[in-house]
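This report refers to the structure that appears directly beneath it.
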Number of protein chains: 2
Amino acid sequence: MSSAEPAGTWQQRLRASGHRLTPQREMVLRAVEELGHATPDEVHAEVRRHSDSVNLSTVYRTLELLDDLGLIRHAHLTDRAPTYHSATGHEHAHLVCRACGRTTSIGRDEMEQALSGLAARHGFAPDYGHLTVFGTCADCRQGERGTLEP
Amino acid sequence: MSSAEPAGTWQQRLRASGHRLTPQREMVLRAVEELGHATPDEVHAEVRRHSDSVNLSTVYRTLELLDDLGLIRHAHLTDRAPTYHSATGHEHAHLVCRACGRTTSIGRDEMEQALSGLAARHGFAPDYGHLTVFGTCADCRQGERGTLEP
DNA sequence: ATAGATGCAAATAATTTGCAGACCG
DNA sequence: CGGTCTGCAAATTATTTGCATCTAT
């Protein structure tokens with residue numbers, strides 16, 4: 001049904017689309033996979049730890065490219081910067097608590113099952129791996145003591 | 001159950017929270033209600049059409065205040081700027097097609113029903129009025145001509 | 001009268017772009 | 001070699017903030 005990962009290694013994937021395999025691209029991809037969910041800035045910092053400098057512009061350009069190729073994905077876990085994560089693992093959506101900031105990953109299957117009826121009804125094919133549901137988690141609903149801004 | 005609109009008119013709502021009723025705030029609120037879904041910049045432009053100048057800073061400050069008070073709401077309909085909309089109407093979530101950009105409103109009830117199981121399972125209370133589901137609409141799935149790689 | 005609100009301009013933050021030189025294939 | 005990529009610095013875009021002045025209450 002839904003095509004998830006394109007065939008081939010990421011190296012092949014790059015070449016197949018007429019792009020080149022550079023050390024920067026390899027480092028950025030690794031950083032994203034290690035960090036889990038990270039902003040462009042965090043990826044930049046991580047890359048710098050392992051190797052010498054890679055320019056922030058290059059990080060932005062690379063993240064965009066890898067996202068286009070489907071090698072990584074991005075989601076909006078805050079009202080601010082987008083965060084990137086590996087696409088080689090299992091596709092997942094996110095529940096984000098506004099009170100404590102905690103993020104819970106929801107497997108694609110569970111989310112797909114929940115939205116299947118709605119999706120069918122509207123002839124809409126959701127991008128599950130990009131979906132973020134904001135709200136309040138169990139812990140924060142109990143201890144509800146108003147707003148706690150970090 | 002879920003407290004949607006606080007009691008009282010928006011004027012009362014403002015005063016009750018220790019804020020003042022200014023012409024700027026009134027104009028911004030009107031603009032948001034007229035525009036449907038609008039970015040801060042669009043709200044600014046709309047306000048200027050009707051009356052003389054209101055500073056963009058004031059628009060930002062006012063949108064934030066009205067959002068905090070629950071008089072308006074915001075959602076992320078693109079990977080970019082947030083858009084604000086009236087909260088006096090029915091609360092709703094959005095389906096956004098990445099291909100054509102079309103936005104479909106989904107009533108709170110329908111979305112709540114779809115996610116109820118998942119929400120209960122995780123003890124999570126979703127903010128339905130903020131939820132945006134990206135994906136591909138029916139029309140665009142047909143005309144599908146693949147991905148456009150550079 | 002007076003705390004809160006606005007306008008303005010400058011400060012931040014986040015992201016993008018032009019270009020010359022470096023480098024993959 | 002030759003077209004891609006990268007680094008760098010400057011340009012954009014988006015949003016926030018300090019402060020003097022104004023105004024709703």
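We use all heavy atoms of the structure for the numbers below, so side chains are in, but hydrogens, waters and symmetry mates are not.
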Rounded to whole Å, please give me the gap between CZ in B/Arg61 and P in D/dG18. 11 Å
Regarding the side chain of B/Tyr60, the nearest nucleotide among C/dT15, D/dT15, C/dT6 is D/dT15
Please report, rounded to the nearest Å, how far the C1' atom of D/dT6 is from the CG atom of A/Leu65. 13 Å
When the distance from CD of B/Gln11 to C1' of D/dT25 is rounded to whole Å, what number comes out? 15 Å
Closest listed nucleotide, where the reference is the side chain of A/Arg80 and the choices are C/dA14, C/dA5, C/dC24: C/dA14
Counting just side-chain N and O atoms, does A/Thr58 come under 4.0 Å of either OP1 or OP2 of D/dG7? yes
Which sits closer to the 5' end of DNA chain C, A/Thr22 or B/Gly18, going by the nucleotide each is nearest to? B/Gly18
For A/Arg25 and C/dG25, give me the distance from atom CZ to atom C1', rounded to whole Å. 13 Å
Taking atom types as they are modelled, would you say the side chain of B/Arg20 forms a donor-acceptor pair with the base of C/dA3 within the 3.5 Å cutoff? yes
Go through the steps to decide whether B/Arg73 and B/Asp127 satisfy the test salt bridge (Lys or Arg N to Asp or Glu O under 4.0 Å), and finish with yes or no. CA-CA 11 Å; B/Arg73 301 240 41 195; B/Asp127 177 357; 2.8 Å; yes
Kindly state whether the ring of A/His76 and the ring of A/His94 have centres lying under 6.0 angstrom apart. no
Please lay out, stage by stage, how B/Glu26 and B/Arg30 fare under the test salt bridge (Lys or Arg N to Asp or Glu O under 4.0 Å). CA-CA 6 Å; B/Glu26 181 166 5; B/Arg30 286 217 178 124; 3.0 Å; yes
Send over the distance from A/Leu63 CG to C/dT15 P, rounded to a whole Å. 10 Å
Please tell me whether B/His130 and B/Glu91 have a donor and an acceptor in their side chains that are separated by less than 3.5 angstrom. no
DNA chain D: B/Leu56 or A/Val54, which has the more 5' nearest nucleotide? A/Val54
So if I take every side-chain heavy atom of A/Ser57 and compare against D/dG7, D/dA9, D/dT16, which nucleotide ends up nearest? D/dA9
Round to the nearest Å and state the distance from B/Asn55 atom CG to D/dT23 atom C1'. 17 Å
Please check this pair: side chain of B/Gln12 against backbone of B/Thr9, looking for a donor-acceptor N/O pair closer than 3.5 Å. yes
Angle, rounded to 10°, between the helical axes spanning five pairs at each terminus of the helix from C/dA1-D/dT25 to C/dG25-D/dC1? 40°
Pair A/His92 + A/His37: ring centers closer than 6.0 Å: yes
Any side-chain N or O of B/Gln24 less than 4.0 Å from the OP1 or OP2 oxygen of C/dG7? yes
Out of C/dT15, D/dT15, C/dT2, whichever nucleotide has its closest atom nearest the side chain of B/Pro40: D/dT15
Run the numbers on A/Asp79 and B/His74 for side-chain hydrogen bond (donor to acceptor under 3.5 Å, both in side chains), then give the verdict. CA-CA 10 Å; A/Asp79 279 356; B/His74 77 274; 3.0 Å; yes
Comparing B/Ala81 and B/His19 on DNA chain D - which has the more 5′ nearest nucleotide: B/Ala81
Measure from CE on B/Met27 to C1' on C/dT6 and round the result to the nearest Å. 11 Å
For B/Arg15 and D/dT25, is the shortest distance between a side-chain N/O and OP1 or OP2 below 4.0 Å? yes
B/Glu46 bridged to B/Arg49 by N-O distance under 4.0 Å: yes
D/dT15 C1' sits how many Å from A/Asp79 CG, rounded? 13 Å
